[in-house]
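Fair warning: this is a prediction, and the values are worked out from it, not measured in the lab. Counting starts at 1 for both ligands and their atoms, following the listed order. Residue indices begin at 1 and follow the sequence shown.
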Amino acid sequence: MIPAAFDYVAPSTVDDAVRALAEAGEDAKVIAGGQSLLPVLRVRLAAPSKLIDLGRIPELRGIHEDGDALVIGAMTTHYDVQRDPLVREHALLLALATDTVADPQVRHRGTFGGALAHADPAGDLLAPALALDVELVLSGMDGRRTVPAAEFFTDFFETAMRQGEILVEVRVPKKTGWGAHYEKFNRVAQAWSIVAVAAAMRVEGGSIAEARVGLTNMAAIPLRATAVEQALVGQPATAEAINAAAQHAAEGTSPAADGNADVEFRQHLARVLTSRAVSAAVGA
Ligand SMILES: Cc1cc2nc3c(=O)[nH]c(=O)nc-3n(C[C@H](O)[C@H](O)[C@H](O)COP(=O)(O)OP(=O)(O)OC[C@H]3O[C@@H](n4cnc5c(N)ncnc54)[C@H](O)[C@@H]3O)c2cc1C
């Protein structure tokens, strides 16, 4: 189908984009890579009066270091996140999860910020962002504010972003030297996650010193498997210890039942995939 008619602007600075969004009011939307928004417009599930294209704002693209953090511009494409050596060195989990997103065409157009702003519970970058405790920098008419990932995802396709705000950049605390793995379960290659598990681990002297585990599609929002994390810390990095801790993976989850999986199967997947993800992250 063809989208409903809309006005279009492509500002060249964040300030101009924020101003355009404020002036256009509630009916306006920003567009990043368009990989999620355009299909929604084409079936007319949304019909914004104005689209503000972020694609011509250079300051929104790119990855750089800032002390203990990596800063990823919201308009950085999945392709660029995947290939960036700084991401591989300091935030390996993000690179590995991005490797599993869709296909090369989507990864060339879709953006890191767009995926987080869209907040699809099956999206593959939300749980890694949560596990890594990233911070999201938002810009609006009242200036900038920073929201931790733990407060950003509020409900099914809902975030803490207020009307008129734009996600500008994501600050990722460095996890240099940590092991990582993203274990995704889907029926066919390049499909969305039915369930997936993001693991980042720091091993010291054969024991797990720090553990981060995020769950994809186990609730309306991404979740941390905190019971697993607590059970892992101090344990030897062995398959047996990891498997025992992974049995806590479904605690506190509330997955949906749909055509792909019922609740029990998703909970089973969470346990199995957690065991695999953590084992791979520590090399057990
Ligand atoms: C065929 C196909 C398969 C896919 N498979 C997967 C998959 O396996 N795993 C996965 O994780 N994703 C998948 N995706 C989604 C893909 O990752 C998209 O890139 C992503 O969801 C949205 O990014 P985008 O830049 O295209 O955002 P857009 O589609 O442009 O925008 C999405 C939403 O976010 C808002 N938005 C975007 N950027 C900002 C910003 N900077 N500030 C405020 N609001 C913003 C928009 O207003 C819109 O509401 C798939 C997409 C397609 C088309």
Side-chain angles (χ1 to χ4, degrees), residues 3 6 8-11 13-14 17-18 20-22 24 26-43 45-57 59-61 72-82 94 96-130 136-140 144-145 147 152-153 156-170 182 184-196 198 214 216-217 222 260:
F6 53 80
Y8 172 86
V9 284
T13 67
V14 171
V18 167
L21 192 55
E26 275 189 18
D27 279 348
K29 261 197 162 312
V30 302
I31 183 164
Q35 297 304 293
S36 296
L37 185 56
L38 283 179
V40 169
L41 299 189
R42 287 173 67 120
V43 294
L45 278 173
S49 57
K50 189 167 204 168
L51 280 188
I52 292 141
D53 189 345
L54 303 180
R56 297 191 195 157
I57 306 180
E59 65 189 288
L60 290 179
R61 287 186 195 273
I72 304 180
M75 285 297 293
T76 309
T77 62
H78 301 317
Y79 176 79
D80 285 340
V81 170
Q82 266 184 301
L94 274 187
L96 298 177
T98 307
D99 287 344
T100 76
V101 169
D103 50 47
Q105 290 93 326
V106 172
R107 292 198 293 269
H108 270 86
R109 299 290 311 176
T111 65
F112 185 50
L116 298 180
H118 191 54
D120 186 327
D124 289 299
L125 304 179
L126 284 58
L130 186 66
L136 298 103
V137 180
L138 309 174
S139 182
R144 292 195 174 193
R145 68 187 179 109
V147 178
F152 184 75
F153 305 105
F156 197 66
F157 292 98
E158 297 280 344
T159 72
M161 266 190 302
R162 298 178 190 138
Q163 172 69 34
E165 283 185 323
I166 289 174
L167 173 59
V168 175
E169 64 190 26
V170 181
Y182 189 68
K184 171 168 172 172
F185 184 85
N186 48 12
R187 287 184 197 281
V188 290
Q190 303 180 345
W192 293 81
S193 284
I194 295 172
V195 174
T216 299
N217 221 1
N260 286 316

Engineer: For ligand 1, what are the residues with a heavy-atom contact below 4.0 Å?
Structural biologist: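 Residue list for ligand 1: Lys29, Val30, Ile31, Ala32, Gly33, Gly34, Gln35, Ser36, Leu37, Leu54, Ala74, His78, Val101, Ala102, Val106, Gly110, Thr111, Gly114, Ala115, Ala117, His118, Gly123, Asp124, Met161, Ile166, Leu167, Lys184, Ala191, Trp192.
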Engineer: Has the side chain of Arg187 got a donor or acceptor atom that lies under 3.5 Å from a matching backbone atom of Asn260?
Structural biologist: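 Confirmed, Arg187 side chain pairs with Asn260 backbone.
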Engineer: Keeping His118 on the side-chain end and Gly114 on the backbone end, is there a donor-acceptor pair under 3.5 Å?
Structural biologist: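 Checked: no pair found.
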Engineer: Just by distance, do the side chain of Lys184 and the backbone of Val101 share a donor-acceptor pair under 3.5 Å?
Structural biologist: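 No; judged by distance alone, with no hydrogens or angles, the pair does not exist.
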Engineer: Under 6.0 Å between ring centres: does that hold for His78 and Phe112?
Structural biologist: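 Centroid distance His78-Phe112: not below 6.0 Å, so no.
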Engineer: Looking only at atom types and distance, does a side-chain atom of Glu59 sit under 3.5 Å from a main-chain N or O of Val14, one as donor and one as acceptor?
Structural biologist: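 Yes.
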Engineer: Only one of Thr98, Asp124, Thr100 passes side chain to side chain donor-acceptor pair (under 3.5 Å) with Tyr182; say which it is.
Structural biologist: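 In the set Thr98, Asp124, Thr100, the residue that makes a side chain to side chain donor-acceptor pair (under 3.5 Å) with Tyr182 is Asp124.
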